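Reading through the structure tokens given below for one structure.
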Amino acid sequence: MTASADLSTEKQAAEMGLSADEFALICQRLGRTPNLTELGIFSAMWSEHCSYKSSRRWLKTLPTTGKQVIHGPGENAGVVDIGDGMAAVFKIESHNHPSFIEPYQGAATGVGGILRDVFTMGARPVALLNALRFGAPDHPLSRHLVGGVVSGIGGYGNCIGIPTVGGETHFDPSYNQNILVNAMAVGLAQADRIFLSAASGPGNPVIYIGAKTGRDGIHGATMASAEFSEEDSSKRPTVQVGDPLAGKLLMEASLELMASDSVVSIQDMGAAGLTSSSVEMSSKGGLGMEINLDKVPTREKGMIPYEIMLSESQERMLVVLKPDAMDRAKAIFDKWDLDFAVIGKVTDSGHLVLKTGDQVVADLPIAPLVEDAPEYDRDYKDTPTAKPIPNQDLITEMPLGEALIKMMGSHFLASRRWIYEQYDRHVMADTIIESGGDAAMIRVHNTQRGMSMTTDCTQRYVLADPFMGAMQAVAEAYRNITATGATPLATTNNLNFGNPEKPAIMGQIVGAIKGMGAACSALNTPIVSGNVSLYNETDGKAISPAPVIGMIGVIDDIAHAIKIAINAPDETVYIIGQAQDTNDGWLSNSVYAHVIADQTMASAPPPVDLTAEAKHGDMIRQLNTKGLITAAHDIGDGGALTALAEMVLAGSYGVELIGSDHQRSHGWAFGEDQGRYLIVTHDPDAVEVAAQAEHIPLQKIATTISAKELKLGNDDIISVTDLRSIHEGWLPNVMSQKKGA
Amino acid sequence: MARIAVISFPGSNCDRDIITAIRDITGTEPNQFWHKESTMPRQDLVILPGGFSFGDYLRCGAIAARSPIMDEVLEHAWRGGYILGICNGFQILTEADLLPGTLMRNRGLRFVCRDVVLETHNSDNAILTGLNEGQKLRIPVAHNEGNYFADAATLKKIKDKGQIAFTYSGADQDPNYNPNGAIDDIAGIVSENGRVLGLMPHPERKADPIHGGLDGRLLLKSVIEAAS
Amino acid sequence: MVSITITIGLKDGVLDPEGRAIESSLNNLGYHEASEIKTGRLIRFTMDEADHARAHQKVSKMCETLLVNTVIEHYDITVEDLIEE
Amino acid sequence: MVSITITIGLKDGVLDPEGRAIESSLNNLGYHEASEIKTGRLIRFTMDEADHARAHQKVSKMCETLLVNTVIEHYDITVEDLIEE
Ligand SMILES: Nc1ncnc2c1ncn2[C@@H]1O[C@H](COP(=O)(O)OP(=O)(O)O)[C@@H](O)[C@H]1O
Ligand SMILES: [Mg+2]
């Protein structure tokens with residue numbers, strides 16, 4: 001059978017991002033030259049975004065199994081068992097390029113997209129997080145981008161009614177022209193009621209639900225896989241506009257439909273829209289699909305098959321319905337005022353056949369679209385080993401308190417309150433710990449169980465040492481979860497890198513995947529979902545690599561949740577995970593090095609000891625179970641003293657350092673050695689006994705006091721009010737700065 | 001036992017939260033109504049929950065105020081029934097002319113989600129008799145359009161008649177105590193008969209020990225008791 | 001068929017935070033010539049009605065019942081013959 | 001002094017969820033005559049500039065740099081002599 005319309009050319013293939021070799025392969029596998037619609041479908045399915053052609057061989061090396069894993073990578077989102085018959089469903093995804101072009105809509109549709117990935121599986125989304133990277137705070141575009149992205153994330157999440165409870169934001173000039181907007185969603189489902197996308201039952205109707213198809217975002221998948229040039233922002237591809245109300249209707253109707261025993265399989269239309277959803281559903285079921293394009297609800301007149309198949313209009317789903325379910329389904333769509341249409345049926349042909357009227361406009365075997373997608377073993381060059389900068393080259397004479405204030409008011413550590421106050425953090429009424437602490441925590445509705453969640457990555461470490469940096473990102477996520485009292489369970493990740501065709505960039509990718517894999521294995525937090533965003537370059541300059549880690553954990557009883565705020569005077573503060581005599585902390589590539597010593601070289605980051613991480617994490621859980629912890633915080637960016645300052649800022653008490661000599665050293669105060677936590681306890685003896693029994697190093701560092709101050713030394717006292725105004729003031733000041741000033 | 005109704009619109013997203021809070025307080029399940037329903041049996045208290053009823057398109061609450069169930073809500077009001085509108089529910093009540101004034105975009109032009117301190121003014125209304133005059137409550141807000149506005153004549157009237165129920169309180173020295181620029185720091189008002197209350201803060205978000213405070217529960221209890 | 005344009009603006013005396021924000025941004029960008037900035041909304045549609053007066057009357061009713069918040073907004077209606085393209 | 005009106009609308013092909021919501025609400029209220037509802041924004045101000053062409057040019061620049069989101073919106077500028085009231 002031949003499909004109609006004009007045959008495509010190698011030149012058209014190139015415009016769609018397919019190489020000459022890839023085009024030849026397509027012709028060979030088809031035994032003919034594809035027409036334009038068919039070529040469009042191939043180019044989308046074979047794009048980096050859908051096929052992971054550069055990263056696939058490395059992603060396969062990641063640890064993805066464990067007894068908690070119900071569904072690992074390969075589905076719309078990962079699914080893990082959290083006990084009591086419940087499952088957590090979660091994933092992170094990027095919307096980097098669209099957010100640079102139109103920050104509000106780009107970020108909003110990013111949130112909408114990741115929510116669909118989660119509720120497609122039958123899970124009700126219960127929390128959102130994000131990971132953001134912007135350029136230098138004083139870059140002329142930064143304010144516009146920060147403002148737009150933040151209100152876009154809020155605009156969607158607040159409206160649809162899912163709390164945004166956490167995230168991270170970093171500033172770095174390498175993102176000036178290429179910001180990162182990664183959104184993570186976490187949902188809850190009954191473990192035995194998970195919905196997958198594999199089609200089954202030839203003859204079953206294929207239903208389209210949700211918003212009408214317009215000309216928006218056509219070829220977004222290939223765009224997301226192409227390098228950026230400065231001209232691009234003036235090309236202005238048709239931007240997708242998010243409609244959170246439509247998203248809410250779609251979510252509620254889909255969940256109701258799935259609960260009504262009507263659904264064979266279901267798949268959201270995300271990147272590459274109808275193309276990837278129909279191909280994936282067919283491919284996973286080993287079947288085919290026939291679609292009548294005349295039946296697809298369109299928003300604009302005269303849309304051609306190519307446009308209908310590649311549109312990335314938001315808020316749409318594809319469902320294979322049980323044969324007898326039509327009436328039930330229709331009642332649900334009517335209740336929620338949703339457009340829907342029967343657009344085709346499942347077949348056993350193994351082909352995707354598209355028709356308009358009686359005419360076949362495309363007829364493609366499914367297998368080559370998926371299985372033959374190229375997989376490249378790209379050349380890579382390991383990142384040269386970064387040398388540590390010795391402390392004596394970094395340490396300054398600045399008084400401790402002054403250095404602390406300067407660091408807390410720097411873009412690395414300043415409060416992100418201006419951002420998270422624009423997010424509804426409380427809707428659903430199950431938020432236990434929200435932005436501003438370590439991980440966030442959500443109550444599993446109607447239970448005593450809690451779920452902790454976090455996103456983390458310190459890109460300056462990754463730039464210097466992709467392997468160690470990625471390992472550190474996992475370790476930090478692990479510590480953030482642990483510091484809330486929860487047990488880390490599983491991981492999702494978003495690999496944000498430059499152009500993989502460059503061996504140096506490919507080297508970063510390989511190094512990061514290896515480091516991430518090693519850490520997730522050692523910490524028993526398998527990777528169950530993720531996303532890859534490559535070609536994050538502008539005019540040939542790559543971003544600082546950011547393998548963002550999203551992690552979740554569980555706590556059996558939310559009564560044991562730990563927060564970072566100091567709650568009482570006369571309690572004792574310990575560092576868990578570091579012995580008393582260590583006063584030469586790791587300053588190379590630290591916030592201190594950047595802010596106080598003005599040393600911005602990509603020097604060696606602190607090494608991660610995964611065995612110690614696991615042991616120290618278990619120690620925290622043990623102490624917490626014994627009721628010995630009244631507050632805790634992991635030590636990360638900025639070191640022990642800034643962590644302590646954050647605990648003070650979160651509560652209404654002060655602290656007084658014990659006053660040993662090493663506490664005056666900048667290495668002790670600001671070193672970023674890994675594997676450490678601050679805990680506050682009312683029972684220091686019991687803490688010491690428990691730690692010694694497990695051979696966990698610890699040091700007593702401070703006492704909590706009623707005075708709202710940080711007593712660093714006799715004549716080095718910082719008022720909490722002053723510290724707060726600097727820490728809280730930085731971002732609002734940046735955002736209200738006069739342009740051009 | 002009070003008969004309590006919770007109305008859901010397509011974009012309501014705090015309906016489950018208020019239902020949970022009411023169930024916790026009263027031990028019974030409230031009655032739920034969908035915006036398309038055109039009959040509602042008699043109720044003692046009708047609650048319009050927070051959310052984004054119709055995506056906040058056109059104006060927050062405007063489309064919801066004209067949906068079928070609202071005829072029943074209006075009738076309930078005319079009969080002297082009690083009504084509580086929270087956040088978007090407050091916006092709907094002003095759009096339905098059950099409360100005077102309107103809620104404009106926040107002065108800062110940004111969505112704002114954080115705790116605020118409310119001061120209670122209840123000497124003149126029936127719905128808040130369970131609270132003390134001047135009582136301070138810490139409850140969070142979460143809105144983009146909470147900037148209460150009424151023209152001078154309306155404002156004078158609602159003041160004269162004691163219709164201001166809650167104001168944002170500056171007592172804790174926070175210069176940003178008013179989160180949205182509302183005129184005269186107004187956070188909530190009641191109808192002339194003192195039985196219809198609209199407020200921007202979300203009492204259902206301080207109604208469970210995990211919320212880090214129970215002031216919202218106090219407020220809800222008072223409303224439920226008044227209506228019983 | 002007629003084409004309808006409804007122009008909606010804030011009544012005098014109602015604070016226009018958006019207008020103020022725009023004014024200060026323009027100033028910061030060095031555009032000092034603009035003053036008294038006011039923002040408004042526009043609603044446009046086509047209407048199946050030939051008679052202008054009747055169209056106007058119907059649209060007024062739509063404005064009063066739904067489209068305009070008459071507490072703070074005023075509106076203007078323009079009715080034009082639809083120019084087929 | 002001139003009076004400036006900037007009319008801003010969504011470009012063709014850009015989804016206008018608000019227009020759709022208004023349309024269905026009008027329908028529910030029994031107004032079935034309105035179709036293809038589009039929403040837009042309006043910015044009005046006075047400008048200290050006598051020459052219309054120059055005013056137009058300046059306002060275009062303001063639109064491009066600040067007032068209009070040219071990725072999804074288009075705009076129209078009207079310059080009129082200020083009628084003193
Ligand atoms: N970095 C990664 N690590 C592990 N799994 C990944 C990674 N990137 C993508 N995946 C998995 O590959 C599958 C396809 O991902 P993606 O194309 O992003 O999903 P979608 O089609 O929902 O957009 C998903 O199951 C995802 O979890
Ligand atoms: Mg998906």
Side-chain angles (χ1 to χ4, degrees), chain A residues 98-106 108-109 112 140-141 143-144 147-148 151-152 155-156 159 210-218 232-249 297-303 307 311-316 336-339 739-740, chain D residues 4-49 54-77:
Chain A
S99 301
F100 181 76
I101 295 171
E102 213 306 285
Y104 183 95
Q105 298 297 346
T109 51
L141 287 174
R143 271 187 300 274
H144 156 74
S151 59
Y156 203 101
C159 187
K212 291 186 167 67
T213 297
R215 288 196 174 92
D216 23 12
I218 289 175
D232 242 24
S233 52
S234 63
K235 261 202 232 151
R236 296 189 176 143
T238 320
V239 170
Q240 307 155 48
V241 170
D243 179 356
L245 179 63
K248 163 107 171 132
L249 303 181
T298 51
R299 200 169 76 223
E300 293 170 59
K301 293 193 189 90
M303 288 184 69
E307 292 172 321
S311 160
E312 294 191 351
S313 291
Q314 299 290 299
E315 339 293 358
R316 304 176 301 158
W336 293 100
D337 290 320
L338 270 183
D339 283 330
K739 292 198 190 168
Chain D
I4 307 287
T5 305
I6 309 171
T7 320
I8 304 167
L10 288 173
K11 285 184 181 169
D12 277 345
V14 176
L15 182 73
D16 182 2
E18 180 153 26
R20 267 192 33 182
I22 295 174
E23 191 156 336
S24 80
S25 176
L26 280 175
N27 273 325
N28 292 339
L29 290 171
Y31 300 105
H32 300 282
E33 305 92 336
S35 62
E36 293 178 58
I37 300 198
K38 295 215 166 85
T39 60
R41 306 189 287 131
L42 209 66
I43 301 176
R44 286 205 164 119
F45 50 88
T46 59
M47 195 168 175
D48 194 1
E49 171 63 71
R54 240 188 346 249
H56 199 286
Q57 200 181 358
K58 274 190 194 159
V59 176
S60 291
K61 250 186 97 188
M62 293 179 189
C63 287
E64 297 283 334
T65 44
L66 177 74
L67 302 177
V68 180
N69 180 353
T70 49
V71 180
I72 54 175
E73 295 174 324
H74 62 76
Y75 61 94
D76 249 336
I77 300 169

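Keep in mind that the numbers below use all heavy atoms, side chains included, and drop hydrogens, waters and symmetry copies. Throughout, a chain's letter reflects where its sequence line sits, starting with A, and its residues are numbered from 1. Only a predicted model underlies this, so the values are computations on that prediction, with no experimental measurement involved.
The CD atom of A:E300 sits 7.5 Å away from the CG atom of D:D12 when rounded to the nearest 0.5 Å. Rounded to the nearest 0.5 Å, atoms CG (A:L245) and CZ (D:R20) are 8.5 Å apart. Rounding to the nearest 0.5 angstrom, the gap separating the CD atom in A:E102 from the OG1 atom in D:T70 is 9.5 Å.
A:G242 and D:P17 make their closest contact through O-CG, 4.3 Å (heavy atoms, listed as atom of the first residue, atom of the second, distance). Residues A:R299 and D:V14 come closest through the heavy atom pair NH2-C, 4.1 Å. For the pair D:L15 and A:V241, the tightest heavy-atom approach, listed with the atom from each and the gap, is CD2-O, 3.6 Å.
Atom NZ of A:K212 sits in a sparse spot, with 12 or fewer heavy atoms from other residues, nucleotides or ligands closer than 6.0 Å.
With a 4.5 Å cut-off on non-hydrogen atoms, D:D16 does not touch chain A at all.
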